[in-house]
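So that we are looking at the same thing, I have put the structure below in structure tokens.
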Amino acid sequence: MEIIVKDSVEEMSKAAARMVARTLNAKPNAVLGLATGSTPLGLYKELVRMHNDEGLDFSQVTTFNLDEYVGLTQKHTQSYHYFMHENLFKHINIPPQNVYIPSGTTDNYESFCKWYEQRIVECGGIDLQILGIGSDGHIAFNEPSSSLGSRTRIKTLAKQTIDDNARFFDSAEEVPIYAITMGVGTILEAHKIILLANGKNKADAVAQSVEGPVTSLITASALQLHRDTMFILDRGAASGLKMLDYYQWIQDKMPDAP
Ligand code: F6R
């Protein structure tokens, strides 16, 4: 695991955008795994800027989103379809047929979930997966006690996630109770993973994920088993890490490593 600490959310977002750009420069038809929520907003803004100002090209890119609320139509302003369209896709040159987001309104979730997993494999797997982290340590909507081998499926959201996400809705009662989400096992198959976190309210989840035991109670801790995962954090999110000085030391010394 590589831990990178930045002084601000802007710097965190820019560092992540540079990693995405590096992936696309090396492989213009890369497959990206994308997250929603407040954390990646700066990253998407920066990618849009790079597309406009520097010609970052998405014409051959394919994307798979992590999750979607069950029951929200694509036009619902809190659906992740709407979020992705408004914050990224409508501003870049990605072909609409290359965009995959789990359906929150299919009439057969079981076969949809199988199809989604199959499409990821048919597209060659996810080259770079972007993740946020919930205050309960979840990645995607893999809530505490999710199997670390889980695949795309329906999950019942934890009360804490519903409360955390109520800020996007008029009230907690409006937050859907179920979501369709990639599994931890699906995520662990991505070739490279970048987890972004900012703010003190994520410090405990980050510390447990990086320095705690691998446990299904903190599904992000499963990333310790992945061979190419980077956490890019702001100082608030990094503030609970016991080995922070060591991670900074590595970060400083890395450019001169043989
Ligand atoms: C969203 C997702 C979630 C969020 C997490 C953090 O696609 O997969 O795991 O990344 O709930 O959300 P924010 O960024 O809003 O704090």
Side-chain angles (χ1 to χ4, degrees), residues 2 4 6 8-68 74-75 77 79-103 115-132 139-140 152 181-182 186-198 223 226-234 254-255:
E2 197 177 340
I4 305 288
K6 296 288 178 187
S8 65
V9 179
E10 290 70 33
E11 279 187 45
M12 177 193 84
S13 303
K14 283 185 179 166
R18 282 195 297 274
M19 297 299 300
V20 173
R22 202 175 297 167
T23 302
L24 300 192
N25 289 335
K27 187 177 176 192
N29 63 346
V31 178
L32 301 178
L34 299 178
T36 57
S38 53
T39 310
L41 281 171
L43 161 64
Y44 296 151
K45 203 169 158 204
E46 179 62 7
L47 289 177
V48 171
R49 190 202 64 73
M50 288 170 125
H51 170 68
N52 290 332
D53 299 352
E54 296 164 17
L56 185 63
D57 181 28
F58 291 85
S59 64
Q60 299 177 62
V61 170
T62 298
T63 61
F64 285 89
N65 262 80
L66 288 167
D67 40 23
E68 177 59 287
Q74 298 190 8
K75 291 204 168 115
T77 54
S79 76
Y80 289 163
H81 280 80
Y82 187 89
F83 175 101
M84 289 309 301
H85 183 70
E86 289 302 306
N87 292 298
L88 184 64
F89 297 142
K90 79 173 185 190
H91 306 289
I92 60 174
N93 64 334
I94 188 163
Q97 67 273 21
N98 289 9
V99 167
Y100 295 90
I101 303 177
S103 169
W115 174 82
Y116 202 71
E117 289 275 336
Q118 199 183 316
R119 276 314 288 151
I120 295 174
V121 173
E122 285 163 0
C123 291
I126 291 172
D127 292 296
L128 175 62
Q129 174 68 58
I130 303 294
L131 296 175
I139 45 175
T152 302
T181 180
M182 274 190 209
T186 322
I187 292 168
L188 289 178
E189 280 170 12
H191 304 144
K192 184 174 181 65
I193 297 175
I194 293 179
L195 183 146
L196 301 175
N198 60 273
L223 298 171
H226 188 266
R227 63 183 174 180
D228 192 357
T229 287
M230 180 187 274
F231 276 52
I232 310 182
L233 311 168
D234 78 344
M254 190 66 100

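Computed from heavy atoms alone, side chains included, the values below leave out hydrogens, waters and symmetry copies. Just so it is clear, the structure is predicted and the values come from calculations on it, not from any experiment.
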Note: Gly124 and His191 closest approach over all heavy atoms is O-CE1, 3.7 Å

For Pro40 and Ala35, the nearest pair of non-hydrogen atoms, with its separation, is CG-O, 3.6 Å

Scanning both residues in full, the closest heavy-atom pair of Met182 with Ala140 reads O-CB, 4.0 Å

Within a 6.0 Å radius of atom NZ on Lys45, are there more than 12 heavy atoms belonging to other residues, nucleotides or ligands?
no

When rounded to the nearest 0.5 Å, the distance separating CD1 of Ile130 from CG of Leu47 is 8.0 Å

Here the gap from Gln129 atom CD to Leu34 atom CG, rounded to the nearest 0.5 Å, amounts to 7.5 Å

Glu68 and His81, any side-chain heavy atoms less than 4.5 Å apart: yes

Here the gap from Met230 atom CE to Leu196 atom CG, rounded to the nearest 0.5 Å, amounts to 10.5 Å

Review point. Side-chain contact, heavy-atom cut-off 4.5 Å: Val9 with Met12?
Key: yes

Side-chain (Asp127) to main-chain (Val31) donor-acceptor, under 3.5 angstrom:
yes

Practice prompt. Return yes when atom CD of Gln74 has more than 12 non-hydrogen atoms of other residues, nucleotides or ligands closer than 6.0 Å, and no otherwise.
Written response: no

- request: Run the salt-bridge test on Lys14 and Glu10 with the 4.0 Å N-O cut-off and return the result as yes or no.
  value: no

Correct closest heavy-atom pair for Leu131 and Leu223 would be CD1-CD1, 3.9 Å

Between Ile232 and Lys6, the two heavy atoms sitting closest are CG2-CG, 4.2 Å

Arg49 and Glu54, any side-chain heavy atoms less than 4.5 Å apart:
yes

OG1 of Thr36 to CE of Met84, rounded to nearest 0.5 Å, is 7.5 Å

**Report entry** Validation row: Ser79, Lys75 side chains within 4.5 angstrom (heavy atoms)
**Finding:** no

Under 3.5 Å: donor-acceptor pair, side chain of His51, backbone of Glu46:
no

Exercise. Quick one: are Pro102 and Asn65 in side-chain contact, heavy atoms under 4.5 Å?
Worked result: yes

CD1 of Ile187 to CD1 of Ile126, rounded to nearest 0.5 Å, is 8.5 Å

Atom pairs and distances, donor-acceptor, side-chain atoms in residues 55-64, under 3.5 Å, two or more places apart:
unit_1 : atom_1 : unit_2 : atom_2 : d
Asp57  : OD1    : Ser59  : N      : 3.0
Asp57  : OD1    : Ser59  : OG     : 3.0
Asp57  : OD1    : Asn93  : ND2    : 2.7
Asp57  : OD2    : Ser59  : OG     : 2.9

Rounded to the nearest 0.5 angstrom, the OH-CG distance for Tyr100 and Leu32 is 13.5 Å

For Tyr44 and Asn87 the tightest heavy-atom approach is CB-O, 3.6 Å

